[in-house]
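Count residues from 1 along the sequence. Predicted model, so just to flag it, every value in this text is computed and none were measured.
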Amino acid sequence: MMTEGTSFVKGVMLGGMFCLVFTLFANTEIRGGSGLRSHEHHHLKAPNKEELLKLPEAKRLELSLTIRVLCLIMVTPKEIGYWASAVETWSKHCDKAVFYSPETIKIFESVSLATADKWIQTRKAFQHAYENYKDNYNWFFLVESTTFAIIENLKFFLLNKDPEQPFYVGHTVKSGDLEYVESSSGVVLSIEALERLYRILDDSAKCPEKGSLLWKMSQDKELAVCLKYTGVLADNAEDDEGKELFNSKNINTLVVEAMSKNPNEVVEGCCSDVAITFDGNSPNHMHVLMYGVYRLRPYGHTFNDALLFMPPVGSDND
């Protein structure tokens with residue numbers, strides 16, 4: 001009896017292992033066998049300000065007006081303070097800001113996604129944005145409520161990028177052979193990339209709603225896998241000195257790190273002059289950032305910007 005029992009257990013274990021290997025192999029074929037070229041890490045640079053200044057002012061204004069950014073801000077009722085801060089601060093500088101929440105809430109206007117699953121939320125937000133706003137905006141910026149964004153710097157970065165090309169941009173991270181953009185620091189899709197994503201959202205083989213692996217991947221990785229099937233690959237955004245533009249840390253943390261590594265060059269070692277996002281901010285920190293970015297100016301000093309980004313119509317932005 002002991003021998004028969006042991007054999008039975010061994011059989012079950014071997015059978016389970018076979019199923020596991022088969023499942024992983026099948027998923028590798030399904031999710032990784034798209035026949036796309038291998039992707040070397042891409043670094044997208046911001047425009048050169050000196051070159052921009054050589055253009056006639058009328059041309060610079062024309063270029064700036066072609067960039068239309070829709071902000072997709074992911075919020076939750078449990079963190080109402082972050083939500084309120086995003087409403088009151090940087091989101092007013094988006095051409096339009098749409099807030100997406102896992103459930104209906106009356107305090108602030110939002111689109112209810114009716115799910116707590118982060119990946120399904122991401123899918124539904126992009127689907128809603130495409131179906132409702134594809135004709136009015138050419139760049140789509142997905143960001144979390146803990147992130148502070150400087151939209152003018154985002155538009156500056158996008159100035160020499162064609163939205164009719166498939167851009168998927170932010171702070172990239174590599175996991176195995178997959179490169180993906182961290183949602184904590186913001187994800188930017190061009191209209192072409194969003195359209196390609198939209199076309200496969202109903203294709204469970206290419207972009208499954210709940211994934212097809214034995215374990216669950218993060219929404220960041222799921223998005224990258226779906227986009228990769230359409231030929232859209234992740235690009236890391238940097239300034240002309242190679243500094244990151246999308247930051248998954250707040251300024252306090254970045255400054256402390258810079259002080260420990262380069263105590264004599266804290267500012268130079270910290271952040272880009274045209275940084276786009278900082279994550280991990282408290283609601284109060286967002287208001288402090290708003291003051292520093294948009295309100296504090298040395299009296300009598302005239303700023304000469306290469307571009308003039310007009311505020312959205314009807315906006316009460318700073």
Side-chain angles (χ1 to χ4, degrees), residues 31 39-46 69-76 79 82 86 90-91 94 100 102 117-126 129 139-151 153-154 157-158 161 166-190 193-194 197 207 211 213 215-230 232-239 242-254 256-258 270-272 274-282 285-286 289:
R31 307 199 75 180
H39 176 47
E40 295 298 328
H41 190 70
H42 285 185
H43 301 262
L44 284 185
K45 300 289 187 180
V69 176
L70 176 72
C71 297
L72 292 67
I73 305 172
M74 311 302 287
V75 295
T76 170
E79 298 179 337
Y82 291 98
W90 67 267
S91 70
C94 303
Y100 294 91
D117 185 283
K118 294 290 188 180
W119 169 227
I120 300 178
Q121 285 181 17
T122 300
R123 291 168 57 95
K124 286 188 172 184
F126 276 129
W139 295 98
F140 299 81
F141 177 42
L142 181 80
V143 67
E144 297 178 0
S145 62
T146 55
T147 303
F148 186 93
I150 305 167
I151 299 301
N153 286 353
L154 173 58
F157 170 76
L158 296 173
K161 316 294 187 296
F167 284 103
Y168 164 43
V169 187
H171 173 69
T172 58
V173 177
K174 191 164 186 178
S175 176
D177 293 329
L178 180 68
E179 281 192 275
Y180 63 94
V181 173
E182 282 189 322
S183 61
S184 61
S185 52
V187 179
V188 178
L189 295 185
S190 63
L194 180 58
L197 175 65
C207 191
L213 293 172
W215 57 86
K216 185 174 178 60
M217 292 197 298
S218 69
Q219 72 271 21
D220 301 342
K221 294 179 182 178
E222 291 281 8
L223 177 62
V225 169
C226 293
L227 286 169
K228 190 173 182 180
Y229 259 107
T230 71
V232 183
L233 304 173
D235 289 304
N236 194 66
E238 302 168 358
D239 67 10
K243 293 180 180 178
E244 295 281 352
L245 298 182
F246 292 81
N247 296 286
S248 57
K249 300 176 182 178
N250 59 39
I251 290 182
N252 290 350
T253 301
L254 293 171
V256 170
E257 290 179 353
C270 169
C271 316
S272 170
V274 288
I276 295 170
T277 64
F278 297 96
D279 188 44
N281 302 287
S282 70
H285 283 157
M286 287 199 185
L289 281 169

task = Take L227 and L189 through the test side chain to side chain contact (heavy atoms under 4.5 Å, CB included) and record every step on the way to the result.
result = CA-CA 10 Å; L227 286 169; L189 295 185; 3.9 Å; yes
Value rounded to 0.5 Å, distance of [atom1] in [X] from [atom2] in [Y]:
X: I276; Y: H171; atom1: CD1; atom2: NE2; answer: 13.0 Å
X: I73; Y: S91; atom1: CD1; atom2: OG; answer: 4.5 Å
X: M286; Y: F278; atom1: CE; atom2: CZ; answer: 12.5 Å
X: Y100; Y: K124; atom1: OH; atom2: NZ; answer: 12.5 Å

ask   = How far apart are the C-alpha atoms of V232 and L197, what are their side-chain angles, what is the distance that settles it, and do they pass the side chain to side chain contact (heavy atoms under 4.5 Å, CB included) test?
value = CA-CA 9 Å; V232 183; L197 175 65; over 6 Å; no
Would you say the side-chain atoms of [X] pair up with the backbone N or O of [Y], donor to acceptor, closer than 3.5 Å?
X: N250; Y: N281; answer: no
X: S190; Y: A193; answer: yes
X: N247; Y: K249; answer: no
X: N153; Y: A275; answer: yes

Closest approach of [X] to [Y] (non-hydrogen atoms, all atoms of both residues):
X: S175; Y: K221; value: OG-NZ, 3.3 Å
X: L72; Y: A129; value: CD2-CB, 3.7 Å
X: A46; Y: L245; value: CB-CD1, 4.3 Å
X: F157; Y: L44; value: CE1-O, 3.6 Å
X: V187; Y: Y168; value: CG1-CE1, 3.8 Å
X: S185; Y: F246; value: O-CD2, 3.1 Å

remark   = Applying side chain to side chain contact (heavy atoms under 4.5 Å, CB included) to K118 and not counting sequence neighbours gives Q121, Q219
message = Less than 4.5 Å apart, side chain to side chain, heavy atoms only: is that true for F126 and L194?
response = yes
query = Can you tell if the side chain of I150 reaches within under 4.5 Å of the side chain of W90, non-hydrogen atoms only?
reply = no
request  = Evaluate the criterion side chain to side chain contact (heavy atoms under 4.5 Å, CB included) for residue pair T122 and E222; output intermediate values, then yes/no.
outcome  = CA-CA 10 Å; T122 300; E222 291 281 8; over 6 Å; no
ask   = Which residue, T277, D239, N236, forms the side-chain contact (heavy atoms from CB on, under 4.5 Å) with E244?
value = N236
message = Looking at E238 and K45, is there a salt bridge between them, counting it only when a charged N and a carboxylate O are closer than 4.0 Å?
response = yes
inquiry  = Is there a side chain to side chain contact (heavy atoms under 4.5 Å, CB included) between W139 and K161? Walk through the geometry before answering.
reply    = CA-CA 10 Å; W139 295 98; K161 316 294 187 296; 3.8 Å; yes
What pairs of donor and acceptor atoms, side-chain ones from residues 141-149 against any protein atom, are under 3.5 angstrom apart with sequence neighbours left out?
from: E144; atom 1: OE2; to: S183; atom 2: OG; distance (Å): 3.2
from: T146; atom 1: OG1; to: D279; atom 2: OD1; distance (Å): 2.8
from: T147; atom 1: OG1; to: S184; atom 2: O; distance (Å): 2.8
from: T147; atom 1: OG1; to: D279; atom 2: OD1; distance (Å): 2.7

